[in-house]
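Take a look at the structure below.
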Number of protein chains: 2
Amino acid sequence: MKTRDKILLSSLELFNERGERNVTTNHIAAHLAISPGNLYYHFRNKSDIIYEIFLEYEKLVDYYLDIPEDRPLTLDDMMFYLESVFDGLWSYRFFHRDLEHLLDGDRRLRQDYREFTDRCLDAISRIFEKMAEAGIIEPQSDELRSAMSLNVWLVITNWMAFLKTAHASEESANLTLTELKQGIYQVLTLEVPYLTAAYRERVLVLREKYRPQLPEAREAELPVGKTVGWNAI
Amino acid sequence: MKTRDKILLSSLELFNERGERNVTTNHIAAHLAISPGNLYYHFRNKSDIIYEIFLEYEKLVDYYLDIPEDRPLTLDDMMFYLESVFDGLWSYRFFHRDLEHLLDGDRRLRQDYREFTDRCLDAISRIFEKMAEAGIIEPQSDELRSAMSLNVWLVITNWMAFLKTAHASEESANLTLTELKQGIYQVLTLEVPYLTAAYRERVLVLREKYRPQLPEAREAELPVGKTVGWNAI
DNA sequence: GACTCCCTAGAGTATATACTCTAATAATAC
DNA sequence: GTATTATTAGAGTATATACTCTAGGGAGTC
């Protein structure tokens with residue numbers, strides 16, 4: 001593999017593991033056992049590395065969210081979109097963590113990310129539209145669908161932050177893809193009230209598969225009777 | 001005012017304006033025209049300053065989210081909760097921005113924040129329960145209410161990040177409290193499908209007041225026909 | 001005046017971090 | 001083989017940042 005690609009790969013790996021803020025260019029070079037000079041031969045600066053990684057991320061999600069216009073959507077499609085988006089989120093999970101700071105430091109990235117968000121919101125909205133056409137959910141006004149789509153986006157992009165800050169018992173307890181995908185449960189929760197009678201039960205069954213599991217550690221930690229919120233069932 | 005309090009006040013101000021990451025203890029001291037030594041006489045380190053600010057934030061939100069158990073909830077109560085929570089979010093807006101990093105650097109804060117989240121989720125859930133009792137929304141199963149509450153929390157705590165990353169046209173364009181409160185529109189969107197016939201119209205009218213306004217600049221920027229998502233109505 | 005206690009100044013330090021510069025080596029073209 | 005280009009090493013640098021240390025001022029008390 002070319003050094004340039006190795007740098008991108010290692011950077012992504014380290015960013016995901018430790019957070020962009022905690023990974024220096026020297027760390028990346030050391031991790032690859034190359035010199036800092038070598039790294040800076042391939043990339044002008046750290047922002048450039050991050051930008052390249054973003055382009056990959058963008059490409060991946062755009063690929064996933066390509067919506068077929070020649071046929072109706074199915075439940076399988078919907079689940080594929082959800083699974084795929086969370087897979088993408090997982091692979092580039094450092095990105096949404098320090099998003100604000102990353103965008104502050106790079107105009108290009110800021111602009112591109114904004115357009116990326118718009119495309120995603122558009123895609124989500126289109127998916128809902130086609131789901132209504134397919135009779136999976138009740139039709140919604142444009143206005144409601146847009147607002148709903150935005151809420152879906154908010155839940156998707158911030159589910160991980162919630163897990164890392166509010167959920168994980170200790171910083172050592174690292175996140176797993178399985179836990180991340182419990183975000184699908186939350187997204188489907190948004191859809192529940194709109195499901196048609198014909199599909200309601202089927203979707204609820206699918207949703208159940210993603211229901212968050214109580215980590216033993218956490219349950220034991222909380223005083224009896226004080227368990228609250230999403231895990232209190 | 002005591003120097004200690006001045007430090008807390010200035011820190012909060014600077015953190016909110018520039019982000020915790022971009023504000024050093026030296027900046028804070030300089031901003032107050034005091035010496036670094038003086039600052040460190042009052043606080044052992046930066047984490048301690050942040051922790052103290054968190055305690056204030058926590059106290060404020062706990063105060064806002066105190067739920068009266070001796071009477072039913074009204075629509076006014078609900079709007080008060082929403083307004084208050086977003087006011088709190090605004091006053092301490094630096095906090096959720098760098099949350100993950102802040103928690104990484106302070107065990108105490110991590111633990112406290114987790115309990116704080118649990119209390120908030122509990123409060124949100126209780127509010128929904130009482131709103132159902134008051135006939136504002138249809139009753140929900142415990143499971144659905146918990147999942148809903150968590151979605152409300154996700155939307156509330158991440159609305160600002162969305163505004164700053166995806167919405168604002170330029171980094172120079174600073175956020176206003178009014179824009180932040182458009183998050184209330186998003187939260188009410190979550191409630192829409194559960195509203196009872198008796199209250200539906202009244203809530204929709206309230207919700208309308210928070211509907212995001214299209215900033216002129218933004219509209220002009222986007223190619224015609226490509227406007228998407230939440231602002232495309 | 002002298003003592004004490006609280007507060008403050010400001011120079012200084014250890015460490016980190018993004019990035020540069022020069023020289024050398026490997027790969028390729030002719 | 002030789003010239004050229006692409007790649008790499010590694011020491012080095014400028015700047016920033018969290019934090020320390022010592023000296024001393026001011027106010028109250030006896």
Notebook entry, point to check: For the side chain to side chain contact (heavy atoms under 4.5 Å, CB included) test, which of B/I156, B/T157, B/L65, B/D62 pairs with B/C120?
Noted result: B/L65
Next item on the list: For the residue pair B/E83 and B/Y64, confirm or rule out a side-chain donor-acceptor distance under 3.5 Å.
Entry: no
Check: Relative to the 5' end of DNA chain D, which residue comes earlier, A/Y41 or A/G37, by the nucleotide with the nearest heavy atom?
Finding: A/Y41
Margin query: Reading DNA chain D from 5' onward, which residue's closest nucleotide shows up sooner: A/N26 or A/A33?
Written below: A/A33
Next item on the list: Scan side-chain atoms only and decide if B/Y40 and B/T25 contain a donor-acceptor pair under the 3.5 Å cut-off.
Entry: yes
Next item on the list: State whether a side-chain donor-acceptor pair under 3.5 Å links B/R21 with B/H101.
Entry: no
Check: Relative to the 5' end of DNA chain C, which residue comes earlier, A/H27 or A/R44, by the nucleotide with the nearest heavy atom?
Finding: A/H27
Margin query: Applying a 4.0 Å non-hydrogen cut-off, can you work out what A/L39 is touching in the nucleic acid: base, sugar-phosphate, or nothing?
Written below: nothing
Checklist line | Span of DNA chain C, from the first to the last nucleotide whose atoms fall under 4.0 Å of chain B heavy atoms | finding: C/dC6 to C/dG10
Checklist line | A/L89 and A/W159, any side-chain heavy atoms less than 4.5 Å apart | finding: no
Note to self: Do A/E115 and A/Q111 pair up side chain to side chain, a donor and an acceptor below 3.5 Å, judged on atom types alone?
What the structure shows: yes
Item checked: Along DNA chain C (nearest heavy atom to each residue), the more 5'-positioned of B/P36 and B/K2 -> B/K2
